[in-house]
*Asks:* 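Please find one structure pasted underneath; my questions will follow.
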Amino acid sequence: MIDTHSHILPGVDDGSASLDDSLEMARAAYAGGIREIVCTPHLDDPDSPVLYRAGDSLVELRARLAEEDIGITLRLGFEVSANMAVFSEIEELASFAIEGGGSAVLVEVPHHGWPSRLEEAIFRMRTNGLTPVLAHPERNDHIQRDPDLLARCIGAGAVVQATAASLGPDFGKGTKRAFFRHLGLGQISLMGTDAHHHRRGSWTFTDTLSVVHKRLPAMDSALLVDGNPMRLLQGERLLPVERSADGASISWWRRRFLGVQS
Ligand SMILES: [Fe+2]
């Protein structure tokens, strides 16, 4: 599995405070089947010291993972605030894309309020060669009240990343309802953990996937945590996760290659 959203870098943001915290998270992630992690510290200012700290921290953590023989590959990205996505130049946003060839920029959807011109910013990013990835829109109060808002963002060119942490104890029933509503509608293309050290349940996909399997047994979860994350990192188009007749979701890929009927 590939985690495209993690605050595992030590001493950079509110995720991991120390190298020991990061190693504890990495060991748990490895035991939970994760083999690649995109490190996405919060970034809300283009001149933030986070930019410099992240590079040093990445080098340090990579070295320790190798020393400890923890087989996880790390990539650098950032979780860019929605305001930055609206106000930054395209060239600047491109410099915060996930390391590799994909040009994917993770955009943090706030929990409260809706940034004016965000849909316009999504369209501008997409039409200029970037892939805007909306992080945890299921937590946003406007999307919880107006589900069509997420459909409009997707129409403007966004891909949607739900997070494992959203099913934890910190985000309430509205978030869980929105998570399953948009998953059932086939609007969520991939999942990240949003791992923070202070949220132990967010270090792996294990708990989330077991809840998803119970609620939506036909869900092709491998596409959410492996297939589509890999395609995103390779700059390929994500595969759609379609809704089946009974409201569960299943991808055309699974039907075609595994012979599973919806
Ligand atoms: Fe995050």
*Asks:* Answer yes or no: is there a donor N or O on one side and an acceptor on the other, between the side chain of N140 and the main chain of G113, under 3.5 Å?
*Replies:*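 Yes, N140 side chain to G113 backbone: donor-acceptor pair under 3.5 Å.
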*Asks:* For A54 and L9, work out which heavy atoms get closest and say how close.
*Replies:*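 It is O-CD1, 3.8 Å.
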*Asks:* Are the charged groups of R152 and D146 less than 4.0 angstrom apart, N to O?
*Replies:*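 Salt bridge: yes.
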*Asks:* Can you name the nearest heavy-atom pair linking V159 to T131, along with the distance?
*Replies:*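 V159 and T131 have their closest heavy atoms at CG2-CG2, 4.1 Å.
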*Asks:* Within this structure, what is the CG-CE distance for the pair L209 and M1, rounded to the nearest 0.5 Å?
*Replies:*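 The CG atom of L209 sits 6.5 Å away from the CE atom of M1.
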*Asks:* I'd like to know whether L134 forms a side-chain contact (heavy atoms from CB on, under 4.5 Å) with I122, so could you lay out the CA-CA distance, the side-chain angles of the two residues, the decisive distance to 0.1 Å, and finally the verdict.
*Replies:* CA-CA 9 Å; L134 295 187; I122 289 167; 4.1 Å; yes
*Asks:* I'd like to know whether L76 forms a side-chain contact (heavy atoms from CB on, under 4.5 Å) with T40, so could you lay out the CA-CA distance, the side-chain angles of the two residues, the decisive distance to 0.1 Å, and finally the verdict.
*Replies:* CA-CA 7 Å; L76 185 60; T40 53; over 6 Å; no
*Asks:* Does F180 CZ have over 12 foreign heavy atoms under 6.0 Å away?
*Replies:*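 Counting neighbours around CZ of F180, more than 12 heavy atoms of other residues, nucleotides or ligands fall under 6.0 Å, so yes.
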*Asks:* Any heavy-atom pair between the side chains of E24 and R200 that's under 4.5 Å?
*Replies:*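 With C-beta onward as the side chain, the pair touches.
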*Asks:* Give a yes-or-no answer on whether the side chains of E138 and H182 include a donor-acceptor pair shorter than 3.5 Å.
*Replies:*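 Absent: no donor and acceptor within the cut-off.
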*Asks:* Between L150 and Q187, which heavy-atom pair has the shortest distance, and what is it?
*Replies:*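 Minimum heavy-atom separation between L150 and Q187: CD2-OE1, 4.2 Å.
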*Asks:* Okay, side chain of R53, backbone of V12: is any donor-acceptor separation there less than 3.5 Å?
*Replies:*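 At least one qualifying donor-acceptor pair exists.
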*Asks:* Can you name the closest pair of heavy atoms from I70 and R27 and give their distance?
*Replies:*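 Closest heavy-atom pair between I70 and R27: CD1-CG, 3.7 Å.
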*Asks:* Of the non-hydrogen atoms in R75 and G100, which two are nearest, and what is the gap between them?
*Replies:*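 Smallest interatomic distance, heavy atoms only, reads NH1-CA, 3.6 Å.
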*Asks:* Let me see the working for T175 and Q144 under side-chain contact (heavy atoms from CB on, under 4.5 Å), right down to the final yes or no.
*Replies:* CA-CA 7 Å; T175 293; Q144 289 175 12; 3.2 Å; yes
*Asks:* Only one of I37, L23, V38 passes side-chain contact (heavy atoms from CB on, under 4.5 Å) with I8; say which it is.
*Replies:*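 Result: among I37, L23, V38, I37 is the only option passing the side-chain contact (heavy atoms from CB on, under 4.5 Å) with I8.
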*Asks:* Atom CD1 of I72 and atom CG of L65: how far apart are they, to the nearest 0.5 Å?
*Replies:*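 With rounding to 0.5 Å, CD1 (I72) is 6.5 Å from CG (L65).
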*Asks:* Between the main-chain N or O of P10 and the side-chain N or O of S57, is there a donor-acceptor pair closer than 3.5 Å?
*Replies:*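 Yes: the side chain of S57 pairs with the backbone of P10.
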*Asks:* Which is it for L224 and N228 under the side-chain contact (heavy atoms from CB on, under 4.5 Å) test, yes or no, and what are the steps along the way?
*Replies:* CA-CA 6 Å; L224 292 166; N228 271 343; 5.6 Å; no
*Asks:* Kindly compute the distance separating CG (L93) from CZ (R124), expressed to the nearest 0.5 Å.
*Replies:*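 Answer rounded to 0.5 Å: 6.0 Å.
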*Asks:* Assess whether atom CD of E89 is packed by more than 12 heavy atoms of other residues, nucleotides or ligands within 6.0 Å.
*Replies:*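 At most 12 heavy atoms, drawn from other residues, nucleotides or ligands, come within 6.0 Å of this atom.
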*Asks:* Do H7 and D194 meet the criterion of a side-chain donor-acceptor pair at a distance under 3.5 Å?
*Replies:*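 A donor-acceptor contact under 3.5 Å links the two side chains.
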*Asks:* Does CZ in R145 sit with more than 12 non-hydrogen atoms of other residues, nucleotides or ligands closer than 6.0 Å?
*Replies:*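 Result for CZ/R145: enclosed.
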*Asks:* Check whether the side chains of T193 and D3 place a donor and an acceptor atom closer than 3.5 Å, and report yes or no.
*Replies:*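 Yes, a side-chain donor-acceptor pair sits under 3.5 Å.
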